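Structure record follows, encoded as structure tokens.
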Amino acid sequence: MASEFFERVWEVVRLIPKGRVSSYGAIGRYLGSPKSARLVGYAMNASHQASPIVPAHRVVNRKGMLSGKHHFAFPGQMQALLESEGIQVNEDVVQNFEQHFWDPNIELDLNHE
DNA sequence: ACAATGACTGAAT
DNA sequence: AATTCAGCCATTG
């Protein structure tokens with residue numbers, strides 16, 4: 001059974017557009033807890049039971065590294081999915097990370113003019 | 001209830 | 001500039 005916190009994380013992750021990536025810290029910050037980045041990752045670990053599915057492959061650490069690729073069905077799944085969406089990945093690191101970075105604090109909330 | 005863990009991050013050395 | 005250390009906080013043993 002997932003806590004409300006987890007579901008909230010999943011909700012944000014599902015909002016990540018195809019071809020974009022976000023970071024645990026950015027999501028955590030959007031939830032109001034900038035220090036809960038680890039909890040976001042923890043929520044991702046439990047996202048396998050989420051419904052609908054959560055594009056956890058679009059979530060990487062602040063360096064753009066596929067830190068959680070090992071938690072997928074099999075290593076390489078994460079990179080394959082990202083490349084399938086047009087994101088170049090090399091050495092487990094997202095290329096042009098800042099270019100693909102999607103920050104919920106900027107894209108969702110905020111009165112971005 | 002206490003201690004340990006973790007798909008992270010920022011500060012310190 | 002690169003590596004190491006400590007903080008963070010929900011989940012799990």
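In this text, all values refer to a predicted model and were calculated from it rather than measured experimentally. Letters A, B, ... mirror the listed sequences (proteins, then strands); counts begin at 1.
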Inter- and intrachain pairs under ring pair (Phe, Tyr, Trp, His ring centres under 6.0 Å), touching residues 3-29 of chain A, at least two apart: none

Residues within residues 39-48 of chain A bordering DNA chain C, heavy-atom distance below 4.0 Å: A:L39, A:Y42

Would you tabulate the side-chain donor-acceptor contacts of residues 66-76 of chain A under 3.5 Å, counting partners in other chains and residues two or more places apart, or write 'none'?
from	atom 1	to	atom 2	distance (Å)
A:K69	NZ	A:D92	OD1	3.0
A:K69	NZ	A:D92	OD2	3.1

Sugar-phosphate, base or nothing in reach of A:S67, heavy atoms under 4.0 Å: sugar-phosphate

Rounded interatomic separation in angstrom, taking CG from A:D103 and P from B:dC8: 18 Å

Fellow cluster residues of A:L81, listed by chain then number, with links counted only when side-chain atoms sit under 4.5 Å apart: none

Which atom of A:A26 lies closest to which atom of A:P104, heavy atoms considered: O-CG, 3.8 Å

Nearest-Å distance for atom pair CG/C1', residues A:L31 and C:dC9: 13 Å

Separation of C:dC9 C1' from A:R29 CZ (nearest whole Å): 19 Å

Sequence-distant partners of A:E11, salt bridge (Lys or Arg N to Asp or Glu O under 4.0 Å), two or more places apart: none

Side-chain heavy-atom pair A:M44, A:V9 within 4.5 angstrom cut-off: yes

Shortest non-hydrogen contact between A:R20 and A:W102, atoms and distance: CB-CB, 3.7 Å

Sugar-phosphate, base or nothing in reach of A:F72, heavy atoms under 4.0 Å: base

Separation of C:dT11 P from A:E7 CD (nearest whole Å): 11 Å

If you restrict it to nitrogen or oxygen atoms, what contacts under 3.5 Å exist between nucleotides 9-11 of chain B and the protein, and what is each distance?
from	atom 1	to	atom 2	distance (Å)
B:dT9	OP1	A:G25	N	3.2
B:dT9	OP1	A:R62	N	3.3
B:dT9	OP2	A:R62	N	2.7
B:dG10	OP2	A:R62	NE	3.4

Whole-Å distance separating the CZ atom of A:F5 from the P atom of B:dG6: 18 Å

Gap between atoms CD and C1', on A:Q49 and C:dT12 respectively (whole Å): 14 Å

Spacing of A:Q79 atom CD and A:E91 atom CD [to the nearest 0.5 Å]: 9.0 Å

Length of the line joining A:D92:CG and B:dA7:P, which is rounded to integer Å: 15 Å

Check: A:V93 main-chain N/O paired with A:Q95 side-chain donor or acceptor under 3.5 Å: yes

Between P of C:dC8 and CZ of A:R38, the distance in whole Å: 12 Å

